[in-house]
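The structure under discussion appears below in the form of structure tokens.
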Amino acid sequence: MNKEVTEFIKDKTLINGQWLEAISGKKYPVFNPATGEQIVLVPDMGQADTRLAIEKAEQAQKLWLKQTAKQRSIILKRWAQLVEAHLETLATILTLEQGKSLAEAKGEVTSSINYIDWFANEAMRVNGDVLPPSAAGNFEFVKKRAVGVVAAITPWNFPNSMIARKVAPALAAGCSVVIKPAEDTPLSALALAALAEQAGIPAGVLNVITASSGHEVGQELCANPIVRKLSFTGSTEVGKILSRQCADTVKKLSLELGGNAPFMVFDDADLDAAVQGAIAIKFYNSGQTCICANRLLVQDGIYEAFIVKLQEALGKLRLGNGLQPDSTHGPLINEKAIQKVDSIVNQAIEQGARLVQGGSYLPEIGKQFFNFTILADVTPEMDVFKTEIFGPVAAVYRFKSEEEAIRLANSTNYGLAAYAYTEDKGRIFRLSDQMEYGMLGINTARFVSETVPFGGVKESGIGREGSVHGIDEFLEMHYVCIKN
Ligand SMILES: NC(=O)c1ccc[n+]([C@@H]2O[C@H](COP(=O)([O-])OP(=O)(O)OC[C@H]3O[C@@H](n4cnc5c(N)ncnc54)[C@H](O)[C@@H]3O)[C@@H](O)[C@H]2O)c1
Ligand SMILES: O=C[C@H](O)CS(=O)(=O)O
């Protein structure tokens, strides 16, 4: 491991500008999912540490809010520049703790840079309104003001960019943040915090709580009335728990939750483009993303041809340790994930799916490496239809008509991302009208950037991240009426 990587692998967490141990002195290990080796021990924090961080964040926010938007913007831009200057190091730390290929890790850190830079600019655009008086003699205006102390709870699959996507708009708005990263992948958050400190983000404005379980920390973040906003990215199940826990203090909520993305391929599609899209969004992060294609719905006329081409394309991918330059895809995050994907595949086969390839882990490179899998003849009656697989498993369903495809695609409680490949212009407009998803890609599978509103409908979440809308999640409107 090179010197800079070692320097940025932290064994303490940043609270109020100090690198601290847990008050209890407890620690827990962070492992490399590709090798099973322990990387480092980090503080295993609880309620007392969380309460301290919240109180310091409240004090710091009052001063941070007094800085001008320009001053906050300059500091955020400096943070983005430092992240860019340390891109290789941050990507290496990301791959070490999460497992994804170095190429994907660099892409994720680049996404973080773009989000931080975007919101450094958005900081300068928090405008209010002067209203036409609703009564004679009134002077009426609306100010947008920072919501206050923000709690951010993030997942393990994008341990770098999920931090940037929350912290950047929060700080741009004038808020302070207490972050609880996922227990499996805290190191990216700690490295970003170290660079934030170097960028001049004041003590207490950005704080990190590491913990082996989210429960105790989460309960304090949700129950403490000082916290005025919770921004959560993770499973729908946990999102519901946190929503309930925040209800007693009526916190502002942003929830980026689970998905069950349909990937529809119609007879008239460009088949090669559709196969490339499937590779890009089914096997992204080895299938461990909320926007991964979870159900591949392929029209009758091209069904077998699609499967043959998909199998050919998979032959070009290479599973392995993400640090190895020829690895295109890495391991699953932990043993529990392997067991979950294994049982989903076995259950689908027992229920009648046809195993075309894969179906288990690759013993020659380690139990954490689940092979690229194709299941054919999958039907909506099988349990896999309503399950977020979160692994490199392409479940391929057959449909006859456009109406059937849209009905199947929408028959889920989720509504995050959806994809369709067709050349029919009328169909494209019908899909954009009828698909019940926050985000729809037509003849493209990779459409996320800092400039677009990322988020879902139904049980995939509340609110949007990125775009001109993202900063509003961290602002409150205050209306003032002055009688002359
Ligand atoms: N919509 C999105 O943008 C998006 C992005 C990434 C992942 N996800 C979803 O996240 C899930 C996978 O990520 P995951 O396994 O980390 O999800 P998870 O919900 O298990 O955990 C997410 C975070 O919540 C914390 N957590 C878990 N239980 C908690 C509790 N009771 N109180 C407080 N915090 C708690 C975890 O420690 C982690 O930091 C998938 O469902 C995926 O679809 C969604
Ligand atoms: O897993 C979900 C992430 O939000 C994917 S992306 O970084 O937005 O593409």
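All ligand and atom numbering here is 1-based and tracks the order in the structure.
- For Q245, no nitrogen or oxygen atom sits less than 3.5 Å from a nitrogen or oxygen atom of ligand 1, counting backbone and side chain alike.
- In this structure, a donor-acceptor pair under 3.5 Å is absent between the side chains of E237 and S235.
- The heavy-atom pair separating V208 from P181 by the smallest distance is CG1-CD, 3.8 Å.
- The two residues Q276 and A313 have their closest heavy-atom pair at NE2-CB, 4.2 Å.
- No cation-pi contact links K166 to Y115, judged by a cut-off of 6.0 Å to the six-membered ring centre and 45° from its axis.
- Residue, atom and distance of the protein heavy atom nearest to atom 26 (N) of ligand 1 are V238 CG1, 3.9 Å.
- When the options G259, S254, G234, A182 are ranked by their closest heavy atom to atom 9 (C) of ligand 1, first place goes to G234.
- E335 and Q339 are linked by a side-chain donor-acceptor pair at a separation below 3.5 angstrom, with hydrogens and angles left out of the test.
- Looking only at heavy atoms of the protein, atom 3 (O) of ligand 1 is closest to F454 CE2, 3.1 Å.
- A side-chain donor from one of S254 and K229 sits under 3.5 Å from a side-chain acceptor of the other.
- A cation-pi arrangement is absent between K367 and F369 under the rule of less than 6.0 angstrom and at most 45 degrees off the ring axis.
- Among all non-hydrogen protein atoms, the one lying nearest atom 33 (C) of ligand 1 is G214 O, 3.2 Å.
- Annotation: atom 4 (C) of ligand 1 to nearest protein heavy atom, C290 SG, 3.1 Å.
- Electrostatic pairing of K106 and E88 counts as a salt bridge here, judged by a charged N lying under 4.0 Å from a carboxylate O.
- Here atom 19 (O) of ligand 1 lies nearest to S235 when heavy atoms of S235, G258, G455 are compared.
- Close contacts between ligand 2 and T289 involve ligand atoms 1 (O) [criterion: under 4.0 Å to a heavy atom].
- Contacts of F390 with ligand 1, taken as heavy-atom pairs under 4.0 Å, involve the side chain alone.
- An N or O contact shorter than 3.5 Å is missing between T233 and ligand 1 by distance.
- Applying the 4.0 Å criterion to heavy atoms of P181 picks out, from ligand 1, the atoms 39 (O).
- Atoms of ligand 1 found under 4.0 Å from any heavy atom of L416 (numbered from 1 in listed order, with element): 1 (N).
- Some N or O of E183 is nearer than 3.5 Å to an N or O of ligand 1, by distance alone.
- Within the 4.0 Å heavy-atom criterion, the part of L242 lying near ligand 1 is the side chain and not the backbone.
- Among protein heavy atoms, the minimum distance from atom 1 (O) of ligand 2 is reached at C290 SG, 2.8 Å.
- Of all atoms in ligand 2, listed by their number and element, those nearer than 4.0 Å to a heavy atom of N157 are 1 (O).
- Looking at L230, I209, I179 one by one, the single match for side-chain contact (heavy atoms from CB on, under 4.5 Å) with I153 turns out to be L230.
- There is a protein heavy atom closer than 4.0 angstrom to atom 31 (N) of ligand 1.
- Across all their heavy atoms, I291 and F454 have their closest contact at CG2-CZ, 3.6 Å.
- Across F306, F399, Y421, a single residue satisfies ring-ring contact (aromatic ring centres under 6.0 Å, His included) together with F266, and that is F399.
- E21 contributes no side-chain N or O that, together with a main-chain N or O of K12, makes up a donor-acceptor pair within less than 3.5 Å.
- Protein heavy atom nearest atom 24 (O) of ligand 1, with residue, atom name and distance: F232 CE1, 3.3 Å.
- At least one N/O-N/O distance between W156 and ligand 1 falls below 3.5 Å.
- In summary, the side chains of Q351 and D383 do present a donor paired with an acceptor at a separation below 3.5 Å, with no hydrogens or angles considered.
- Between F390 and W156, the distance separating the two ring centers is shorter than 6.0 angstrom.
- Nearest protein heavy-atom contact of atom 25 (C) of ligand 1 is I153 CG2, 3.7 Å.
- For atom 23 (C) of ligand 1, the nearest non-hydrogen atom of the protein is T154 O, 3.5 Å.
- Taking distance alone, with nitrogen or oxygen atoms compared against 3.5 Å, V448 stays at or beyond that limit from ligand 2.
- In summary, the atoms of ligand 2 found under 4.0 Å from a heavy atom of I291, numbered by their order in the structure, are 5 (C), 9 (O).
- Atoms of ligand 2 found under 4.0 Å from any heavy atom of M162 (numbered from 1 in listed order, with element): 3 (C), 4 (O).
- Between F263 and F283, a ring centre-to-centre spacing not shorter than 6.0 Å is recorded.
- Atom NZ of K26 sits in a sparse spot, with 12 or fewer heavy atoms from other residues, nucleotides or ligands closer than 6.0 Å.
- Of all atoms in ligand 1, numbered sequentially from 1 with element shown, those under 4.0 Å from a heavy atom of R165 are 3 (O).
- At a heavy-atom distance under 4.0 Å, no atom of E256 approaches ligand 2.
- Annotation for ligand 1: atoms under 4.0 Å from non-hydrogen atoms of G218 are 33 (C).
- Summarising the geometry, atom CD belonging to Q347 is positioned 7.0 Å from atom CD belonging to E350; distances are rounded to the nearest 0.5 Å.
- Shortest contact from atom 40 (C) of ligand 1 to any protein heavy atom: E388 OE1, 3.4 Å.
- Counting only heavy atoms of the protein, atom 8 (O) of ligand 2 lies nearest to R165 NH1, 2.9 Å.
- Heavy atoms of N157 found under 4.0 angstrom from ligand 1 belong exclusively to the side chain.
- Under a 4.0 Å heavy-atom criterion, R446 is not in contact with ligand 2.
- Inter-residue side-chain proximity for M45 and K180 is flagged as unmet; no heavy-atom pair is nearer than 4.5 Å.
- Residue contacts with ligand 2 for N285 are absent, since no atom lies close enough (heavy atoms, distance under 4.0 Å).
- Of the residues I471, I113, V468, the one that meets the side-chain contact (heavy atoms from CB on, under 4.5 Å) test with W118 is V468.
- Within ligand 2, the atoms closer than 4.0 Å to a non-hydrogen atom of F454 are 4 (O), 8 (O), numbered from 1 in the order shown.
- For atom 13 (O) of ligand 1, the nearest non-hydrogen atom from the set A337, C292, P155, G239 comes from P155.
- In terms of heavy atoms, D49 sits closest to I15 at O-CD1, 4.2 Å.
- Polar contact check, S460 against ligand 1: no nitrogen or oxygen pair lies under 3.5 Å apart.
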